[in-house]
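Working notes for the structure below.
Naming: A, B, ... by sequence-line order, numbering from 1 per chain.
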Amino acid sequence: MTETAHKLPEIHLTDTLTGEKVRLETLEPGAVGIYCCGPTVYDMSHIGHARAALAPDVMVRVLRQLGYRVKYVRNVTDIDDKIIARAAEQGLEAGVIAARYTDEYHADMQRLNMLPPDVEPRVSDHLPQIIDMVQELVDQDLAYAADDGSVYFRVTRFDGYGKLSGRSREEMLESAGIRIEVDDRKESPLDFALWKAAKPGEPAWDSPWGQGRPGWHIECSAMSSTHLGDTFDIHTGGRDLIFPHHENEIAQSEGAHGDHTFARYWVHNGFINFAGEKMSKSLGNFWTIREILKLYTPEALRYFLMSVHYRSGLNFEVELPEDDLSDEEARRQARFPGLEEADERVAYVYTTLQGARELLATGKPVDRDGEVAEAVAGMRESFLDALRNDFNTPAALGVLSKPLHEVNALLASGKGVPKDVRRRTIARFVDDMEAVADALGCFGDDPARYLAARRDLKADRIGLDTARVNELIDARNAARANRDWAEADRLRDELAAMGVSVKDGPDGTVWDL
RNA sequence: GGCGGCAUAGCCAAGAGGCUAAGGCGACGGUCUGCAAAACCGUUAUCCCCGGUUCGAGUCCGGGUGCCGCCUCCA
């Protein structure tokens, strides 16, 4: 416990357990342990996975920027029914499938600029801890082995059951069996598997109950206590995991550890909804990260995901072409209005940063002490205030608007502002945008490189003939030099028809998509 | 059927009882420009309905309506 730890800025977050926004009081001052339910690696990740990874990513970034020491743990579920099923389909070992999609997940996360977790535990590396935990629960009579060698958690013995999802055991019992058949190996319909007896041909490990594998929920209980302790600060995941997954984690962990609080705060991200054009079954109802990144930059996707608070639902509008195209081709030509807007916004920020850097690169070094235009002076603090308040990324992004306008105005004209104030304001903006970029994982690239990469991506997407564009631009510049406006405008229309917009500036003509 | 969440401008979206309800997109008007584009400036809402608590409610409580999610190893 240090002096500075007490001075760290306050963080508030919404805890699913109470449904209220509360001040984060960490177990150990100045330090935060976060556990995130990571992917089950049986297929390519979709944008929902990106959202689930982004929520803790922003938390870790913000907490670290504010001076907290963070231990970020995100697991990989590499033993699971779906993996086994996929392996069987493809005639491969389950481990091969898991390894492949773990790699793909890492590749997606890296492209999306997600911080790597400090520890990334895999279920297959934690069998001893899992078995110990199941044994502990059996010893405490909180679990029982069935005749076939499966072990179930005895929900009737854990009084807190239902506290996260807001249900009572009585309610759940009433609705049990309505939608799924009750398994007669279980004492109660509410009981859930801690250990599943192996069927022939499935991956299996030795245990006191025979060959088998872990149930889904126990892994997170075992891995979180291994890497963060029996009690830790924040547990994150998608809303769908509240019940049963996280409810069961609480039962297992608090049961096994003698009623110690498991996670002190539960943070759940909302879902992505598909709106707009109704998607048919044949087209599938999800979009992979990989597909999206063929069409938009990773930062555009990040920005899009951050434009709505993590707890809310996010409408992912999709416009599919009307033509009678193959599913594959239709998906390749899909448009996403939300992403489109995000993409242009990110480009606007980078264009501003580029202009700012160019201006600062000329002339004398800037004296940082002294007056700065108001809109920019307060940006950093307001920005962080928004993020300290339940990691409110849309509010934080909103804070950037006025400074961006101010800087663009200053770049366009220094009129009415003392020269040193102008340069100092722009310099401050560039400096503080580094902190912004650090917190958001966005806007941190070199502006020129980003904008070029974005243009290339869009050119590829529409199959643009870049050489032809340059020819037309040259021809148009020649016409303009001759003040042949009719011809110049005709050429501009021709470019526009190709999707190219031109901008005539004092330093010549540039084009964009 | 049970549980939970959400309803703010044409669209998207902040708002943890109290300054004139952020911001973005779009639209309209203007500056700049050969004309444009970009950029900048300006305009563009009383918060689903009813009742209540309070000096004061978008923000709390009750009821209604409408969406959505979970109750199925789906982020």
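- As rounded to the nearest Å, B:A27 and B:C11 have P atoms that lie 15 Å from one another.
- Taking 4.0 angstrom as the limit, A:S312 places a side-chain polar atom (N or O) nearer than this to OP1 or OP2 of B:A14.
- Listed nucleotides B:G2, B:C35, B:A75 differ in distance to A:D504; the shortest reach to its side chain belongs to B:C35.
- Among the heavy atoms of the strands, none lies under 4.0 Å from A:R51.
- Residue A:F316 contributes atom CZ, which lies 17 Å from atom C1' of B:C74 at whole-angstrom precision.
- Take the nearest nucleotide of RNA chain B for A:A412 and for A:H309: the residue whose nucleotide is more 5' is A:H309.
- Remark: side-chain polar atoms of A:D15 are paired, donor with acceptor, to backbone N or O of A:W266 under 3.5 angstrom.
- Residue contacts shown for A:D512 are absent, as no nucleic acid heavy atom lies under 4.0 Å away.
- Pairing of B:U33, defined by two Watson-Crick or G-U wobble distances under 3.5 Å, is not identified with any nucleotide.
- Pairing for B:G1 is with B:C71, a Watson-Crick or G-U wobble pair whose two hydrogen-bonding atom distances lie under 3.5 Å.
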Could you go over nucleotides 5-10 of chain B and give all protein N or O partners under 3.5 Å, atom names and distances?
none

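- Separating the P atom of B:C74 from that of B:G15 is a span of 31 Å, rounded to the nearest Å.
- Using a 4.0 Å heavy-atom criterion, one finds that A:N389 contacts the bases of the nucleic acid, with or without backbone contacts as well.
- The listed nucleotides are B:C71, B:A36, B:G24; the one nearest the side chain of A:R492 is B:A36.
- Comparing B:A57 with B:G17, their C1' atoms are spaced 6 Å from each other, to the whole Å.
- Note on A:G48: a base of the nucleic acid sits closer than 4.0 angstrom, heavy atoms only.
- For the pair A:I292 and A:I47, the minimum side-chain heavy-atom distance is below 4.5 Å.
- If you check the side chains of A:H217 and A:H246, you find no donor sitting under 3.5 Å from an acceptor.
- Of the N and O atoms on the side chains of A:R167 and A:S165, at least one donor lies less than 3.5 Å from an acceptor on the other residue.
- The separation between A:L314 atom CG and B:C12 atom C1' is 10 Å, rounded to whole Å.
- For the C1' atom pair drawn from B:U53 and B:C71, the interatomic distance equals 35 Å after rounding to whole Å.
- Counting any heavy atom pair closer than 4.0 Å across all strands shown, A:V502 reaches a base atom.
- Across all strands shown, A:H217 has no heavy atoms under 4.0 Å from either base or sugar-phosphate atoms.
- At the phosphate of B:U33, neither OP1 nor OP2 sits under 4.0 Å from any side-chain N or O atom of A:K503.
- Side-chain atoms of A:P394 lie closest to B:A14 of the nucleotides B:C35, B:A14, B:G24.
- Note on A:L241: only backbone sugar-phosphate atoms sit closer than 4.0 angstrom, heavy atoms only; bases stay farther off.
- Evaluation of A:F271 against the base of B:G69 yields no stacking contact (centre distance < 5.5 Å, interplanar angle < 30° required).
- Both cation-pi conditions hold for A:R455 and A:W511: the charged atom is under 6.0 angstrom from the six-membered ring centre and inside a 45 degree cone around its axis.
- Nucleotide B:U53: unpaired (no Watson-Crick or G-U wobble partner with both distances less than 3.5 Å).
- At a threshold of 4.0 angstrom between heavy atoms, the contacts of A:N408 are confined to the sugar-phosphate backbone, with no base atom among them.
- For the pair A:M306 CE and B:G24 C1', the interatomic distance rounds to 14 Å; values are reported in whole Å.
- Using the Watson-Crick or G-U wobble rule with both distances under 3.5 Å, B:C47 pairs with nothing in any strand shown.
- The distance from atom CD of A:E20 to atom P of B:G4 is 14 Å, rounded to the nearest whole Å.
- Within the 4.0 Å cut-off from OP1 or OP2 of B:A38, not a single side-chain nitrogen or oxygen of A:H405 is found.
- Of the nucleotides present, B:G42 is the one that pairs with B:C28 by Watson-Crick or G-U wobble criteria, both distances under 3.5 Å.
- Residue contacts for A:H245: at a heavy-atom cut-off of 4.0 Å it reaches no nucleic acid atom on any strand shown.
- Base pairing of B:U8: its partner is B:G15, meeting the Watson-Crick or G-U wobble criterion (both donor-acceptor distances under 3.5 Å).
- Side-chain atoms of A:E299 come within 3.5 Å of backbone atoms of A:F443 as a donor-acceptor pair (strictly under, hydrogens ignored).
- The structure places CZ of A:R476 at 12.0 Å from CD of A:E494, a figure rounded to the nearest 0.5 Å.
- Going from atom NE2 of A:H405 over to atom CG of A:L410 covers 13.0 Å, rounded to the nearest 0.5 Å.
- A gap of 42 Å separates the C1' atoms of B:U31 and B:C6, to the nearest Å.
- One can place OH of A:Y35 at 14 Å from P of B:A75, the figure rounded to the nearest angstrom.
- For A:S501, taking side-chain heavy atoms from C-beta onward, the closest of the listed nucleotides B:A37, B:A13, B:A75 is B:A37.
- One P atom belongs to B:G2, the other to B:U59, and the distance between them is 26 Å to the nearest Å.
- Heavy atoms of A:Y348 sit under 4.0 angstrom from primed sugar atoms or phosphate atoms, though from no base atom.
- Taking atom C1' in both B:G63 and B:C70, the straight-line distance is 25 Å, to the nearest Å.
- In this structure, A:R476 reaches the bases: a heavy-atom distance under 4.0 Å links it to at least one base atom across the strands shown.
- Between A:L305 atom CG and B:A13 atom C1' the separation is 15 Å, expressed in whole Å.
- Dashed line: the shortest gap from a side-chain N or O of A:N392 to OP1 or OP2 of B:G15 is under 4.0 Å.
- Regarding A:W485, its CH2 atom lies at a distance of 13 Å from the P atom of B:U33, rounded to whole Å.
- Separation of the C1' atoms belonging to B:U54 and B:A45 is 25 Å when rounded to the nearest angstrom.
- Atom-to-atom, CG of A:L495 to C1' of B:C35 comes out at 16 Å; the value is rounded to the nearest Å.
- Between A:M114 and A:L54 there is a side-chain heavy-atom pair separated by less than 4.5 Å.
- Side-chain nitrogen and oxygen atoms of A:Y310 include none within less than 4.0 Å of the OP1 or OP2 phosphate oxygen of B:A13.
- With hydrogens and angles left out, the side-chain atoms of A:E340 and A:Y296 include a donor and acceptor closer than 3.5 Å.
- Note: A:E219 CD to A:Q252 CD = 9.5 Å, rounded to the nearest 0.5 Å.
- When each of A:R311, A:M59, A:H235 is paired with A:V267, the side chain to side chain contact (heavy atoms under 4.5 Å, CB included) condition holds for A:M59 and for no other.
- Nearest-nucleotide mapping onto RNA chain B: of A:K21 and A:A396, the residue sitting toward the 5' end is A:K21.
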